[in-house]
Amino acid sequence: MAKKAKSARPKARLPKGLRDVGADEFRAVEGMVGAIGRVSEKYGFEPLETPAFEYSDALGKFLPDADRPNAGVFSLEDDDGQWMSLRYDLTAPLARYVAANYDALTKPFRRYQTGVVWRNEKPGPGRYREFRQFDADTVGTASVAADAELCMLASEALETIGIDTGNYIIRVNNRKLLDAVLQQAGIDPQDEAEQIKRLTVLRAIDKLERLGPQAVELLLGPGRKDASGDVTKGAGLEAKQIDLIMGFVGAGSDGRTKTLAALAPLVEQNEAGREGLQELAQMDELLSAAGFDATRVVIDPAIVRGLDYYTGPVFEAELTFESVGEDGADRQFGSVGGGGRYDGLVERFKGVKVPATGYSFGLSRLYAALSELGRADVGSLVGPVIVLVMDRDHIGTYQRFAMDLRQAGLRSEMYLGESGMRAQMKYADKRGAPCVVIQGEEERSRGEVTIKDLVEGTRLSGEIEDNTEWREGGRAQIAVPEAKLVEAVREVLARQQT
RNA sequence: GCCGCUGUAGCUCAGUUGGUUAGAGCGCUAGAUUGUGGAUCUAGAGGUCCCUGGUUCGAUUCCAGGCAGCGGUACCA
């Protein structure tokens, strides 16, 4: 009977790819969101919030990825039979918002947004099916000054949350250059039949950093078999085409001007190439004028950003420091954000081209990075002062003590459990309480309260070997008149700060 | 989707060449200490040994199939 009842109970399990976020991470991420938001406001962006789900057609679930439309999105049916989907990024809702309010918006429209997004994909290490993103976008201008500003914003945002210059790099490229190279290689970006080949090439280039040049060459040519024995189909290019592409993606160097000079002869034969070069040169000029040199923002011809809809500059933020994982192996964080220019996204609602550009960060990855850097403790808080319940007949008095401390701006709570004093002390210890407030029979008769400093107590216990000795001896506690409770607690806290 | 590895206590894992009562460390609860946490000692609670079927007198152990988790890879707005 009991066994049957047990097996009939639901398992307290979390759907795969989802997770709970505890106090420290929650506070840390809130802190990051606030900091990045303030930087965005400083740059002139306005906040916007949109719903978690939208009608599926409005999200463009049939649009952006020509390969696999509609897959990977969580969807549900409204009671009138209309399909809705959870948002998979913050850009599609922005496009819907801009299209719906087009005439009322002051253009260029500049918005930042933070929110949770969902993707129905296989989760992996550090990849979840629900995660928080931060986005900043400028809609309604074709000027690459908007793109340059996003790079500056990204750079400043990362530094604001504690990732210093040198620990990250923003890489910039231009899809027009990639198109130019593809044209040089004889792959026409306008030709429908060549689209698949084009995407395969772009995906291959995107893997350069992770898999290395040999693997990319295989992917551009006949295909590649990875260590697990899985075969990836290649683009089927000829050696000459592959050489051309590999020559292009390998042409980056340490200075922006130098990189541009190296790229120029490879792409300037055609229109798209000249445009792309010119745009990057202008971004370089603006970035330099604003004080963002190549230690923060570089030009890297190997940056692709898988998305089909990017039309101009693309960028990616990468953390460059290495850390040692739990298994002892070196671990790299890689990309924590990216974006680019997408001049076609609003068009599907309005029929008119609306140039736009945007950047987004993955906040969970940023948090993981901060933890590794030891900077995530921005989230930890000192625990509450615990008022012990010594005598239930006087519970009102204990509640008042807690309230007095709260009114003085201190975290405090009266013990709400039902256990005895010993258990209450353990509770206070586990909550990270800086001190506890005790008033039993003795103190009450004298109109006093005892304040026990738990931090000091821990220190003393390190010095005293014998158990009975430290119990009897200095208990790191003081008795003060009730009226001096708040003052005395403040003093204890102040002493702990030093 | 494809390939590989792994499923034993809340967690990390040992173990059973197929045999009666399945273990450790950590954690948890309590006592030693009738009003004092964290050290120490002691005790206690906690298990469908992933599921289903097969072989067997007997399966947590062997076999098959499932499922789940992890890792890689593909895809990734």
Counterpart residues, side chain to side chain contact (heavy atoms under 4.5 Å, CB included), relative to [X] (two or more places apart):
X: E487(A); result: K484(A), E491(A)
X: V181(A); result: I245(A), F248(A), V267(A)
X: F53(A); result: M84(A), L86(A)

Problem set entry | Residue mapping more 5' on RNA chain B - nearest nucleotide basis, R305(A) or K426(A) |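 The 5'-side residue here is K426(A).
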Exercise. Nearest nucleotide by nearest heavy atom, which residue falls closer to the 5' end of RNA chain B, P15(A) or E442(A)?
Worked result: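 With E442(A) and P15(A) compared, the 5'-side residue is E442(A).
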Exercise. Can you name the ring pair (Phe, Tyr, Trp, His ring centres under 6.0 Å) partners of F131(A), sequence neighbours left out?
Worked result: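 Here no residue qualifies.
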Could you measure between the two [atom1] atoms, the one in [N] and the one in [M], and give it in whole Å?
N: G53(B); M: C26(B); atom1: C1'; value: 38 Å
N: G1(B); M: C75(B); atom1: C1'; value: 9 Å
N: A22(B); M: C49(B); atom1: P; value: 10 Å
N: C57(B); M: U52(B); atom1: P; value: 22 Å
N: C67(B); M: U48(B); atom1: C1'; value: 16 Å
N: A64(B); M: A24(B); atom1: C1'; value: 33 Å
N: C3(B); M: G44(B); atom1: P; value: 50 Å

For residues 95-102 of chain A, which side-chain N or O atoms pair as donor and acceptor with protein atoms under 3.5 Å away, sequence neighbours left out?
from: R96(A); atom 1: NH1; to: E54(A); atom 2: OE1; distance (Å): 3.0
from: R96(A); atom 1: NH1; to: E54(A); atom 2: OE2; distance (Å): 2.6
from: N101(A); atom 1: ND2; to: Y97(A); atom 2: O; distance (Å): 2.8

Problem set entry | Each stem that RNA chain B is part of, given as range with range (3 or more consecutive Watson-Crick or G-U pairs, under 3.5 Å) |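 Ordered by first number, the stems with RNA chain B (at least 3 consecutive pairs each) read B:1-7 with B:67-73, B:10-13 with B:23-26, B:28-32 with B:40-44, B:50-54 with B:62-66.
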Identify each donor-acceptor pair in which a side-chain atom of residues 349-360 of chain A lies under 3.5 Å from a protein atom, sequence neighbours left out, and give them as a table.
from: T357(A); atom 1: OG1; to: D147(A); atom 2: OD2; distance (Å): 2.7
from: T357(A); atom 1: OG1; to: G340(A); atom 2: O; distance (Å): 3.3
from: Y359(A); atom 1: OH; to: A317(A); atom 2: N; distance (Å): 3.2

Could you check whether [X] gets within reach of a base, just the sugar-phosphate, or nothing at all, counting any heavy atom under 4.0 Å?
X: R87(A); answer: nothing
X: K207(A); answer: sugar-phosphate
X: Q424(A); answer: nothing

For this session: Please confirm whether any donor atom in the side chain of K122(A) sits under 3.5 Å from an acceptor in the base of G72(B), or the reverse.
Result: yes
Exercise. With a 3.5 Å cut-off and just heavy-atom distances, do the side chain of E443(A) and the base of G35(B) make a donor-acceptor pair?
Worked result: yes
Exercise. Where along residues 430-440 of chain A does a heavy atom come under 4.0 Å from RNA chain B, residue by residue in number order?
Worked result: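 Those residues whose heavy atoms fall under 4.0 Å from RNA chain B, taken from residues 430-440 of chain A in numerical order, are K430(A), I438(A), G440(A).
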Exercise. So T397(A) and R400(A), side-chain contact (heavy atoms from CB on, under 4.5 Å) or not? Walk me through it.
Worked result: CA-CA 5 Å; T397(A) 307; R400(A) 200 190 74 228; 4.2 Å; yes
Should [X] be listed as having a side-chain N or O under 4.0 Å from OP1 or OP2 of [N]?
X: R127(A); N: C76(B); result: no
X: K16(A); N: C67(B); result: no
X: R422(A); N: A32(B); result: no
X: R210(A); N: U73(B); result: yes

For this session: Quick one: which residue pairs count as a salt bridge (charged side-chain N to carboxylate O under 4.0 Å, His left out) with a foot in residues 381-395 of chain A, not counting sequence neighbours?
Result: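 Of all non-adjacent pairs touching residues 381-395 of chain A, those that pass salt bridge (charged side-chain N to carboxylate O under 4.0 Å, His left out) are D391(A)-R444(A).
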Exercise. Hey, is E279(A) close enough to R341(A) for a salt bridge, meaning N to O under 4.0 Å?
Worked result: no
Exercise. Short question: side chain of Q439(A), backbone of E448(A) - any donor-acceptor pair under 3.5 Å?
Worked result: yes
Problem set entry | Nucleotide of G37(B), C75(B), G35(B) approaching R203(A) most closely (side-chain heavy atoms) |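 Within the option list, the nearest is C75(B).
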For this session: Identify which nucleotide among C76(B), A74(B), G35(B) has an atom closest to any side-chain atom of M390(A), counting heavy atoms from C-beta outward.
Result: G35(B)
